[in-house]
Amino acid sequence: MASNSTKSFLADAGYGEQELDANSALMELDKGLRSGKLGEQCEAVVRFPRLFQKYPFPILINSAFLKLADVFRVGNNFLRLCVLKVTQQSEKHLEKILNVDEFVKRIFSVIHSNDPVARAITLRMLGSLASIIPERKNAHHSIRQSLDSHDNVEVEAAVFAAANFSAQSKDFAVGICNKISEMIQGLATPVDLKLKLIPILQHMHHDAILASSARQLLQQLVTSYPSTKMVIVSLHTFTLLAASSLVDTPKQIQLLLQYLKNDPRKAVKRLAIQDLKLLANKTPHTWSRENIQALCECALQTPYDSLKLGMLSVLSTLSGTIAVKHYFSIASGNVGSSPRSSDLVKLAQECCYHNNRGIAAHGVRVLTNITVSCQEKDLLALEQDAVFGLESLLVLCSQDDSPGAQATLKIALKCMVKLAKGRPHLSQSVVETLLTQLHSAQDAARILMCHCLAAIAMQLPVLGDGMLGDLMELYKVIGRSATDKQQELLVSLATVIFVASQKALSAEIKAVIKQQLESVSNGWTVYRIARQASRMGNHDMARELYQSLLTQVASEHFYFWLNSLKEFSHAEQCLTGLQEENYSSALSCIAESLKFYHKGIASLTAASTPLNPLSFQCEFVKLRIDLLQAFSQLICTCNSLKTSPPPAIATTIAMTLGNELQRCGRISNQMKQSMEEFRSLASRYGDLYQASFDADSATLRNVELQQQSCLLMSHAIEALILDPESASSQEYGSVGAAHADSEYERRMMSVYNHVLEEVESLNRKYTPVSYMHTACLCNAIIALLKVPLSFQRYFFQKLQSTSIKLALSPSPRNPAEPIAVQNNQQLALKVEGVVQHGSKPGLFRKIQSVCLNVSSTLQSKSGQEFKIPIDNMTNEMEQRVEPHNDYFSTQFLLNFAILGTHNITVESSVKDANGIVWKTGPRTTIFVKSLEDPYSQQIRLQQQQAQQPLQQQQQRNAYSRF
């Protein structure tokens, strides 16, 4: 039963059907709850969180929690404990409980039990519900009473509840603060209870007075109770309170540094370092130069490597923030001081070659961050120090297979990428170091080094053809065994080779790669390498690899997917034969490419399934096909100037119509159509961009580049032929200024700039339309198509998955039948929604708010025509709601004054943290039938009956005249 309900839920059925399935699942669990066997009852209780995940709408969650509250009220302590665990696991669903009063009433009845364990479980339950009942005075009172209990279990539960309510309720925090203070300072309170009570003070940040009194109490505790445990708990609570209240953060940093410097106990020093790191991550702007200087001095003086490692980790965190700029801006203001002579740099230089790998990694990271963020002229020595430190760390870690060495190597390689990006002149030496070290490194280290090489080479064209020899030699050597590491290394190294030779792969390189793959690799490795070849634009290699995989898959969907990729690669390969000034061959190349693209899109459609519709891939390929057709049409239009020149009377027609363009003959209308076509394509690319909320930034940039290509062509047509005077290239002026993150983007940018320069120069010299203008347009098309298309990650792989489920109420049982509404009443449409995530929520972007757009259209009228005010004719409304715990809900009031059947459409879009709107969908439709209200109907019938005798009298009068 449950599996059937899952299926229908996934199949996107209407809300009425989902509710039915949810009810059947709930009834099944309810049967277990009412069983006489304890085991079956417990099993039913623990299955509720799974039910909430499947059906996360309030109507089910409310019923389920009321049933659980009943079990809690009448069950034994073990069942109560199970209900408590379910409640804590389902914390994000608690606000969907509609009957909160009834739910809490059933739970709260157990607080009067004579069993202290039952009371303790109830207190923990109330604490878990603090987010939905923060101001319940009876709960507050019970917690205060239980803090004075003689039973330890109940007191601990009261402490848990007090902490949760303090975090949610200002009134409770103010009321309980003095009570907590008395208990902590009271001599009768055991030390272990004091240690549990102190962390409650971290929640006393609701206002400045409360935070100040909590700080004073903690200050007293730190000085009055110098034992290690007390100091550690008090200091950590102090830090959390400062981080939440924000006002006292600088004081807290000074206090922690004081303990780090003066307290001899290692445990206290470690806690101080841990808290300093927390504050460095949360509020780096509050760190003064004196704070950083004090930390550097402590690190230089300490003889313990573990403490030095901790302090350096704090400094390496700070070095990547504004704190380090502030440090050096003040340092450079002092007479006789420079960045090179500061303690921070001395410490980093000293630690770069430390025998402890972790310390060396943090030292190198500090140096790298300083080198990249501080743009002074005299940093040449620092740059060299950073490079030498990275080289030594690379040599040290690449020979070691242990997890610690790999983690350190990752830090070093990230620093290399950052250094190459921030200081491009150092990239060549960094790359040479990596290539040299690749030969002697362990396999695990080689994989990471290849990733680093590819990342640097994507940003900067530093891998020359001369380095390909080294890479190919290494590729021949590595594939001796079929272990997982070797397979991963094959993929990583092939990626570097593709990045290094982005223009075209030579036959020799292709032969070596294919030979290695045939000897040791499995099908998955071949597919991953083919995927990388498609991303880098090496379509001939990709086509051969996809072809070899076609017979190795077990599902027809996979077969069609691979076949479509093979056809797309073949289609793009056809475009590599384009030559400038040879327009007839360009037309034949585009036609050949379109032939394979049409085969591929048919195969891609066959590969899609209801659960994986491949909507982005299909739309991207359709747009590519339409773009190629538009290019082909434009070349034909340009050729028509030769095949069908303007007639002799064209000038006379132009003067008569007052349209200068008519001098050019029929080409002017064709050019106008072409320009509209390119603008339409640009708009469709924009829609695809907006619909791709889960795409990675590289894929989105790729879609943006395709859109810019369309806009560029429409601008070129307008500037050269249709309207040379008013066309402006200002919007394209900043294209070259943006930093390109890939070779494909760099090449596209250079084509854009070249085309814009050509258009600008022709625009000034010649009047339209001459053969120079048409040649410029055709050359622009060929230049754009000569850059091999890059199929980015989102085409193959979805790392982030976000979807929205909507539920409308009222909702008909059968989606086809309409909801009846009287025309003098308004329909209250409630829209509820749940945001569903994949395994990595918020990897690229997060939902800030959901925009709901409701519109209604009249499908069919019924009855007579009435004069209706224009305001009542249509419904068009929009609301923004912020999801809380992935749930949102809002209501719309809709008018249906016109009798008939109306179609209501609810469409959702999302806004991310940067304020960008994404059209993610879904789009839900319901039908409403507007009926005449009985009172109006009765009056209308009475009026009709009153009019009938008058009409009959008029007819008799007419007959009597005759």
Practice prompt. Take L126 and I133 through the side-chain contact (heavy atoms from CB on, under 4.5 Å) test and state the conclusion after the steps.
Written response: CA-CA 8 Å; L126 290 171; I133 52 163; 4.0 Å; yes
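- A salt bridge is absent between D70 and K67; no separation between the charged side-chain nitrogens and carboxylate oxygens falls under 4.0 Å.
- Judged purely by atom type and a 3.5 angstrom limit, S128 uses its side chain to pair as donor or acceptor with the backbone of R124.
- Not a single salt bridge (charged side-chain N to carboxylate O under 4.0 Å, His left out) links K911 to another residue, sequence neighbours left out.
- Remark: the backbone N or O of T699 is paired with a side-chain donor or acceptor of D696 at under 3.5 angstrom.
- Residues that satisfy the side-chain hydrogen bond (donor to acceptor under 3.5 Å, both in side chains) test with Q848, not counting sequence neighbours, are absent from this structure.
- Using a distance-only test at 3.5 Å, with no hydrogens or angles considered, no donor-acceptor pair links the side chain of N99 to the main chain of L66.
- A donor-acceptor pair under 3.5 Å is absent between the side-chain atoms of R880 and the main chain of C851, judged by distance alone.
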Item to complete: Would you sort out whether K840 and D694 count as a salt bridge (Lys or Arg N to Asp or Glu O under 4.0 Å), showing the intermediate values?
Response: CA-CA 11 Å; K840 298 177 180 175; D694 293 320; over 6 Å; no
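- Here the CZ atom belonging to R50 is positioned 12.5 Å from the CD atom belonging to Q89, to the nearest 0.5 angstrom.
- The backbone N or O of H93 lies less than 3.5 Å from no partner atom in the side chain of S90, so there is not a single donor-acceptor pair.
- For E876, the side-chain hydrogen bond (donor to acceptor under 3.5 Å, both in side chains) test picks out no residue, with sequence neighbours left out.
- When ring centroids are compared, F65 and F52 come within the 6.0 Å threshold.
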Please tabulate, for side-chain N and O atoms in residues 161-168, each donor-acceptor pair with protein atoms closer than 3.5 Å (sequence neighbours left out).
| from | atom 1 | to | atom 2 | distance (Å) |
| --- | --- | --- | --- | --- |
| N164 | ND2 | G127 | O | 2.9 |
| S166 | OG | A162 | O | 2.7 |

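- For the atom pair CD1 of I97 and CG of N62, the computed distance is 7.0 Å after rounding to the nearest 0.5 Å.
- A salt bridge does not link E28 with K31: none of the charged nitrogens is closer than 4.0 Å to a carboxylate oxygen.
- In this structure, the side-chain hydrogen bond (donor to acceptor under 3.5 Å, both in side chains) partners of R923, at least two apart in sequence or on a different chain, are E907.
- One distance of note links CD of E832 with CG of L808; it measures 9.0 Å at 0.5 Å rounding.
- Checking side-chain atoms of S811 against main-chain N and O of A807 turns up no donor-acceptor pair under 3.5 Å.
- A donor atom on one side chain and an acceptor atom on the other are found under 3.5 Å apart for Q252 and T239.
- Residues passing the salt bridge (charged side-chain N to carboxylate O under 4.0 Å, His left out) test with R679 are E718, sequence neighbours excluded.
- The aromatic rings of W918 and Y689 sit parallel to each other, their planes meeting at less than 30°, with 60° as the upper class boundary.
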Practice prompt. In sequence, state the C-alpha distance, the side-chain angles, and the governing distance for D912 and K846, and then conclude on salt bridge (Lys or Arg N to Asp or Glu O under 4.0 Å).
Written response: CA-CA 6 Å; D912 67 9; K846 292 177 182 175; over 6 Å; no
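- Formation of a donor-acceptor pair under 3.5 Å by the N281 side chain with backbone atoms of K277 is found in this model.
- Counting heavy atoms from C-beta on, the side chains of S856 and V928 never come closer than 4.5 Å.
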Worksheet item: Do H205 and L241 pass the side-chain contact (heavy atoms from CB on, under 4.5 Å) test, and can you show the C-alpha distance, the side-chain angles, and the key distance before you say yes or no?
Response: CA-CA 7 Å; H205 53 72; L241 179 63; 4.1 Å; yes
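- Taking OG of S697 as the reference point, atom CZ of R845 lies at 7.5 Å (rounded to 0.5 Å).
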